[in-house]
Amino acid sequence: MLEALDTIKTTALSELKKTSDKETLRLWYSTHLSKNSPLIESLRNLSNVAPKDRPAIGKHANQIRNILEEAYKEQTHYLHKSTASTRQKHTDLDITLPGRSVNRGRLHIATQTLRRIYTIWADMGFQIYRSREIETDELNFELLNIPLHHPARDMWDTFHTNTPGVILRTHTSPGQIHAMRANAPDPIRVILPGMCYRYEQITARSEIQFNQVEGLAIGTNIRFTDLKGTLTDFARRMFGNSTRTRFRASHFPFTEPSAEMDVECFLCSGEGCRVCKKTGWLEILGCGMVHPAVLTNGGYEPNKYTGFAFGMGPERIAMLKYGIDDIRHFWGNDLRFLEQF
Ligand code: PHE
């Protein structure tokens, strides 16, 4: 009897190994462990066995039943796992397909232009300074020679805060005063990039926020020719070696004399096109010799020191360079626009 039980066990276990799916497994169970299987039947019919053999046979049969139940569980688990992984192997993953490309981010065109400008000025020996975006009326206007109620303020429509005298800077020029006060009476060569804000109607040509890059050089014997030479050098590095520049007289309260610099239109090489409005020239920055009153406010003796300053708009430069006809694209966050650069 005991040997018969052992045979049942060996057969059952070897057949179990051959099961390959749910269906064969179910069949195996009904053959070897269901109510009608020889093993369970032998347990049920224990009363037919001689009383002295009963405990040994009963114990042995129960042990085999436990072993088979355990083996069945393991096989179920094994088959479940292996079908899941073969399914994945056969359907989800095809190693012969080309890889899926990762969608990488990129720098905003304004940032790219800014970084190009930084590199050029850094190569020319200018340090990069940051100045604050929330500014006082005093630094944004008064110390730059623009008194309260002066009509020149109309050039810069201003966002005011709830605190009287505290505004959002309308240009990066207040950074000139910060830089001078931090360095006087040492010579200065810096650029001051950053965001500016103006309370304006948003149109294709004007935005309420935009970047500027301010430049400032202070020392002894700095002359207008230095300004012209330095800015022309910048234009050549930015737009190409043969770029020509021209300076037109202009007016800013904090520079005297003041000028605006045009570069020869790099789209039509001066022939005249839509972007340069047939003039052959593009205006890219305002500049001038630092006004004596501003030098004094910054802590420099105007009889001993002179300097030049300039301010340019990177968005405007990018618009000219890439033929972008609407400044609103810069903050519109339209991927179709951004992905072009
Ligand atoms: N701050 C001026 C503007 O916003 C530009 C400028 C800077 C002009 C420095 C002269 C010198 O228009």
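For the numbers below, each heavy atom of this structure counts, side chains included, while hydrogens, waters and symmetry mates do not. Start at 1 and go down the list; that is how both ligands and their atoms are numbered.
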Find all atoms of ligand 1 within a distance of less than 4.0 Å from any non-hydrogen atom belonging to [X], and give their numbers and elements.
| X | answer |
| --- | --- |
| Trp156 | 3 (C), 4 (O) |
| Phe310 | 7 (C), 9 (C), 11 (C) |
| Ser173 | 1 (N), 7 (C) |
| Gly311 | 6 (C), 7 (C), 9 (C) |

Under 4.0 Å, heavy-atom basis, I'd like to know which part of Ser258 is in contact with ligand 1: side chain, backbone, both or neither. neither
If we set the cut-off at 4.0 Å for heavy atoms, which region of Met155 has an atom near ligand 1: side chain, backbone, both, or neither? neither
Consider ligand 1: state whether an atom of it lies below 4.0 angstrom from any non-hydrogen atom of Met312. no
Met289 near ligand 1, heavy-atom distance under 4.0 Å? no
Closest non-hydrogen contact found for Met319 with Ile327 is CE-N, 3.5 Å
Can you name the closest pair of heavy atoms from Cys265 and Leu282 and give their distance? CA-CD1, 3.8 Å
Under 3.5 Å, N or O to N or O, is [X] touching ligand 1 that way?
| X | answer |
| --- | --- |
| Gln212 | yes |
| His171 | yes |
| Thr255 | no |

Find out whether Cys287 and Phe308 are in side-chain contact, i.e. whether some heavy atom of one side chain is under 4.5 Å from a heavy atom of the other. no
Any side-chain heavy-atom pair from Leu39 and Ile64 closer than 4.5 angstrom? yes
Steps toward salt bridge (Lys or Arg N to Asp or Glu O under 4.0 Å) verdict (Glu23, Arg26): CA-CA 5 Å; Glu23 190 48 36; Arg26 201 184 55 77; 3.0 Å; yes
Would Phe254 and His171 count as a ring pair (Phe, Tyr, Trp, His ring centres under 6.0 Å) if you check the C-alpha gap in whole Å, the side-chain angles of each, and the deciding distance to 0.1 Å? CA-CA 12 Å; Phe254 33 89; His171 52 176; 5.5 Å; yes
Single hit among Thr111, Leu107, Ile324 for side-chain contact (heavy atoms from CB on, under 4.5 Å) with Phe341: Ile324
Among all protein non-hydrogen atoms, which one is nearest to atom 12 (O) of ligand 1, and what is the separation to 0.1 Å? Phe252 CE2, 3.8 Å
Considering only the protein, which heavy-atom contact is closest to atom 2 (C) of ligand 1, and what is its distance? Phe254 CZ, 3.8 Å
Is it true that a side-chain atom of Arg169 and a backbone atom of Leu139 form a donor plus acceptor pair closer than 3.5 Å? no
Going through the checks in order, is the ring pair (Phe, Tyr, Trp, His ring centres under 6.0 Å) test met by Phe159 and Tyr199? CA-CA 6 Å; Phe159 278 114; Tyr199 183 56; 5.4 Å; yes
